[in-house]
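Reviewing the structure listed below.
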Amino acid sequence: MKIWDLFQTAIYGVKTHKLRSVLTTLGVIIGVGTVISMVSIIEGINEFVYKQFGTIGFNVIYIQKYKWRIAPGSIEEDWLKKAKDYPDFNEEDLKDIKELYFVDKASISIDLWMMSKVEYKDKTLENIELSAATPEIFEILGYNLESGRKLNEDDEFYRRNVCVIGKYVASNLFKEKDPLDREIKIGDENFLVVGVLKEKGEIFGYSLDRKIFIPFSKGKEIKGIPIFDWEKIFIAPVIEVKIKDNIDIKRAIEELRKFLRKRRALFFTDEDNFYLNTQGVLLDVYRALTGGIFAAMIGISSLALIVGGIGIMNIMLVSVSERTREIGIRIAVGARRKDILYQFLLETILLTSIGSFLGLLFGIGVGKLIDFLTPLPSKVPLWSVLIAFLLSFVVGIFFGIYPATQAAKKNPIECLRYE
């Protein structure tokens, strides 16, 4: 028999028992649909996370005296004692770092956590992050202006009481008023608003718009005494370095490490008294936390596909038994055993392919529903579609080979006498 003849025979077998075919493929539909929906959710979460991390700069290195951790409470006591004695970074460090061949831009900043209350007339905002920084900070961290201007070198040189505020601060402190050229009170001093930043969004619930930037030179004058012991480290100055586009960040990190060790006269047996943090550190933490969960989700959803395959094999065995006389007639009129084998195998593959297609639509629908109901995007990559159909082919062969072999092995004389 030709392939087309076998295919037509398989289609006829599926159409003859429509309800049974639908119920048979239900397990595959659920299995493939579950796998596709899980992949779409995982890919959507990954895309969301990478986009969030991108807000802090994929090609930015943060030079600090502490290593990024999940939370301050996770810091070991011995490490904390060491880090207290690490020297702070300053403007001279920044000046020399800017001269390095792989550096595009660099800035120095300090987060003044204790000055988190901001006032304008009778309105007050709490938990606002005040950052004292040099003018390059906006380009390095990707902040764009909505109105006014950014901080400049004159503000830094003259230690002016000026500030640039985030969208959240502007919307909640001034409501419908134009914030430009109005004074706000930070701590005991008044600052003139010279610029408003465009909305930047959140990263894992942390708003990037609850920010106020003031000149770094001015920030050093108003730095308060931290309440918590760990803040003596976290309030230390940070140098942000944006790497040139044509430079590999791993190479830049190694070159920067060599430069800082030489600058601080560290012997080759001495440990680094600084840390070079990148968004890759956070991504590693994310992968470590979620890798096992995602693998378990895919594993569990794949079990549904296996169960569906077992259901198909069971139905095909029933089908072989029901069509025993048909098999005998086919062999009697000249069908070879391999024709019988291919006939039932192709029918199984056809069933699983139909189930995979319907499961694909089901999985995409679930992903779109989650996309609609939650802030997480769904994404169905092309490779997952190809894998879905590859799985259907593999499941069809794996679970169909036994029933097809049983059909091909039947004795034609006994088949013809079968009632």
- Note on the structure: Between Ile63 and the options Val238, Asn277, Leu260, the side chain to side chain contact (heavy atoms under 4.5 Å, CB included) test singles out Leu260

- Query: Is the side chain of Arg261 donor-acceptor paired with the backbone N or O of Asp270 at a distance under 3.5 Å, no angle test?
  - Reply: yes

- Task: Could you tell me whether a side-chain N or O of Thr134 sits under 3.5 Å from a main-chain N or O of Ile108, the two making a donor and an acceptor?
- Result: yes

- For Asn273, enumerate each residue passing the side chain to side chain contact (heavy atoms under 4.5 Å, CB included) test, keeping only those at least two apart in sequence or located in another chain. Tyr86, Pro87, Arg264, Leu266

- Counterpart residues, side chain to side chain contact (heavy atoms under 4.5 Å, CB included), relative to Leu100 (two or more places apart): Ile97, Phe102, Val103, Leu256, Phe259

Residue pair [X] / [Y]: nearest heavy atoms and the distance that separates them:
X	Y	value
Val196	Pro179	CG2-CG, 3.9 Å
Ala106	Lys98	O-CE, 3.2 Å
Ala132	Gly219	CB-CA, 3.5 Å
Val32	Gly359	CG1-C, 4.0 Å
Val60	Ile140	CG2-O, 3.7 Å
Pro237	Asp88	CD-CG, 3.9 Å

- Message: Suppose we screen for side chain to side chain donor-acceptor pair (under 3.5 Å). Which residues come up paired with Glu254, at least two apart in sequence or across chains?
- Response: none

- Quick one: list whatever passes side chain to side chain donor-acceptor pair (under 3.5 Å) with Asp209, sequence neighbours left out. none

- Are Leu197 and Leu145 close enough, and set up right, to give a side-chain contact (heavy atoms from CB on, under 4.5 Å), and what steps lead you there? CA-CA 4 Å; Leu197 298 171; Leu145 273 178; 4.2 Å; yes

- What is the ring orientation for Phe89 with Phe274, classed by angle as parallel under 30°, tilted 30 to 60°, or perpendicular over 60°? perpendicular

Using salt bridge (charged side-chain N to carboxylate O under 4.0 Å, His left out) as the criterion, list what pairs up with [X], not counting sequence neighbours.
X	value
Asp178	none
Lys167	Glu146
Glu139	Lys105
Glu92	none

Using a 3.5 Å cut-off and no angle test, enumerate the donor-acceptor pairs between side-chain atoms of residues 239-246 and protein atoms at least two apart in sequence or in another chain.
unit_1: Glu240; atom_1: OE1; unit_2: Ser107; atom_2: OG; d: 2.8
unit_1: Glu240; atom_1: OE2; unit_2: Ser109; atom_2: OG; d: 2.4
unit_1: Lys244; atom_1: NZ; unit_2: Tyr101; atom_2: O; d: 2.9

Any chance you could measure [X], atom [atom1], to [Y], atom [atom2], to the nearest 0.5 Å?
X	Y	atom1	atom2	answer
Thr278	Tyr62	OG1	OH	9.5 Å
Arg257	Leu276	CZ	CG	8.5 Å
Phe191	Ile186	CZ	CD1	5.0 Å
Asp181	Leu192	CG	CG	5.5 Å
Ser356	Ile36	OG	CD1	9.0 Å
Lys177	Ser171	NZ	OG	14.5 Å

Indicate yes or no: at least one non-hydrogen side-chain atom of [X] is less than 4.5 angstrom from one of [Y].
X	Y	answer
Pro215	Val162	yes
Phe174	Ile184	yes
Leu386	Leu382	yes
Leu180	Ser147	yes
Ile165	Val118	no

- For residues 149-159, the salt bridge (charged side-chain N to carboxylate O under 4.0 Å, His left out) pairs (sequence neighbours left out) are Arg149-Asp155, Asp155-Arg160, Arg159-Glu221

- Message: According to salt bridge (charged side-chain N to carboxylate O under 4.0 Å, His left out), does anything in residues 398-408 pair up with another residue at least two apart or in another chain? List the pairs.
- Response: none

- Should we count NZ of Lys198 as having more than 12 external heavy atoms under 6.0 Å? no

- Message: Test side-chain contact (heavy atoms from CB on, under 4.5 Å) on Lys211 and Lys200; report intermediate values, then the result.
- Response: CA-CA 10 Å; Lys211 297 273 292 186; Lys200 195 169 172 66; over 6 Å; no

- Query: Where do Ile137 and Ser131 land on the side-chain contact (heavy atoms from CB on, under 4.5 Å) test, with the steps shown first?
  - Reply: CA-CA 10 Å; Ile137 190 71; Ser131 293; over 6 Å; no

- Query: So which pairs with a foot in residues 134-165 pass ring-ring contact (aromatic ring centres under 6.0 Å, His included), sequence neighbours left out?
  - Reply: Phe138-Phe213, Tyr143-Phe213

- Please assess Val194 against Val164 for the test side-chain contact (heavy atoms from CB on, under 4.5 Å), listing each intermediate value before the final yes or no. CA-CA 6 Å; Val194 296; Val164 176; 4.0 Å; yes

